[in-house]
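Before any comments, here is the structure.
Protein chains get the first letters and strands the later ones, always in sequence-line order, with residue 1 at the start of each.
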Amino acid sequence: MPLTVCTWNINSIRLREGLVLRLLREHAPDILCLQEIKSPLDKIPLAGFAELGWRHVVARGEKGYNGVAILSRIPLADAGHEDWCARGDSRHVAARLPDGTLLHNFYIPAGGDEPDPVANPKFAHKLAFLDEMAAHFAAAEGPQILTGDLNIAPREDDVWSHRQLLNVVSHTPVEVEKLTAVMRAGGWRDVVRELIPQGKLYSWWSYRARDWSASDRGRRLDHIWARGGPETRARAARILREARGWERPSDHAPVLAEFDI
DNA sequence: ATGGTAGTCGCACTA
């Protein structure tokens, strides 16, 4: 059966409930993975999503920061989460699909400004998080999909200027290397780049640009990966750049992949 | 080299 998976860093699910409803109405992904919902579980506005048909929810939330949610119109079982770096942050949640596929929704730490793990504890946290992911997924088995805001743009054509971002957190060689190690450990494939192998591709544009679209200084921070057999091969992928231009937008655009699982 | 914007909770922090 066709299965469309979407990932979107929403930057407050309460402030942008209307944008989530619009995405569900206009693009109807079977499963929507949200990050930075910035809400405790009991304050997520679920009623409107359920009314449209997205009745199944697996989520973790906290007040003010982080928070990940999986909204689905097909049944899901809560598959738990890992407490990465033992901080109690709401940065990961997993769900089991009816066919047995395991779906992960991640919000990897952004890592602060200074790309030095000694001077900047937030960057050290990001690197440690990636190391734990690599160790964890070394034991991965069976079909799995991994989505989320990974806060790393790994390829040269995932950023507006490879040269100018080499020392900017999100594109430094040490992060890219560790993200690549996570992929290798788990046997993950970058589903979006399998289908869109050529050209610049971004999913995030800073709020600080005067005109984000004209300057187009984007980065591809949001990803959809898959592991396992041919049943996990996607047949289409796209990034909804237009959503970055919606009213009071998130600084991230939704990323979609269509599977046939 | 700098500052630019956004969200949440408070009067600072994270992105």
Take atom [atom1] in [N] and the same atom in [M], then report the distance between them in whole Å.
N       : M       : atom1 : result
dA1(B)  : dC13(B) : C1'   : 24 Å
dT14(B) : dG10(B) : P     : 15 Å
dT2(B)  : dT8(B)  : P     : 30 Å
dA15(B) : dC9(B)  : P     : 15 Å

Problem - Donor on one side chain, acceptor on other, K38(A) and N11(A), under 3.5 Å - result: yes
Problem - Within residues 202-214 of chain A or reaching into it, pairs that qualify as salt bridge (charged side-chain N to carboxylate O under 4.0 Å, His left out) - sequence neighbours excluded - result: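 Applying salt bridge (charged side-chain N to carboxylate O under 4.0 Å, His left out) to every pair that reaches into residues 202-214 of chain A, excluding sequence neighbours, yields nothing.
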Completion exercise
Taken in chain and number order and not counting sequence neighbours, the residues that satisfy side chain to side chain contact (heavy atoms under 4.5 Å, CB included) with R163(A) are S161(A)
Exercise for the section: For residues 115-124 of chain A, pull every pair meeting side chain to side chain donor-acceptor pair (under 3.5 Å), keeping only residues two or more places apart or in separate chains. Expected result: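 Every pair satisfying side chain to side chain donor-acceptor pair (under 3.5 Å) with a residue in residues 115-124 of chain A: there are none.
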Exercise for the section: Starting at atom CH2 of W205(A), determine the distance to atom C1' of dG4(B), rounded to an integer number of angstrom. Expected result: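 Distance check: W205(A) CH2 to dG4(B) C1' gives 19 Å.
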Fill in the blank from the handout: Readout for nucleotides 6-15 of chain B: B = base within 4.0 Å of protein heavy atom, S = sugar-phosphate only, - = neither; 5' to 3' it is SSSS----SB
Problem - Pair listing, ring-ring contact (aromatic ring centres under 6.0 Å, His included) test, anchored in residues 18-69 of chain A, at least two apart - result: none
Handout entry: For W84(A), all residues meeting ring-ring contact (aromatic ring centres under 6.0 Å, His included), sequence neighbours excluded
Key =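 Per chain and number, W84(A) pairs via ring-ring contact (aromatic ring centres under 6.0 Å, His included) with H92(A), F106(A), F129(A), H136(A).
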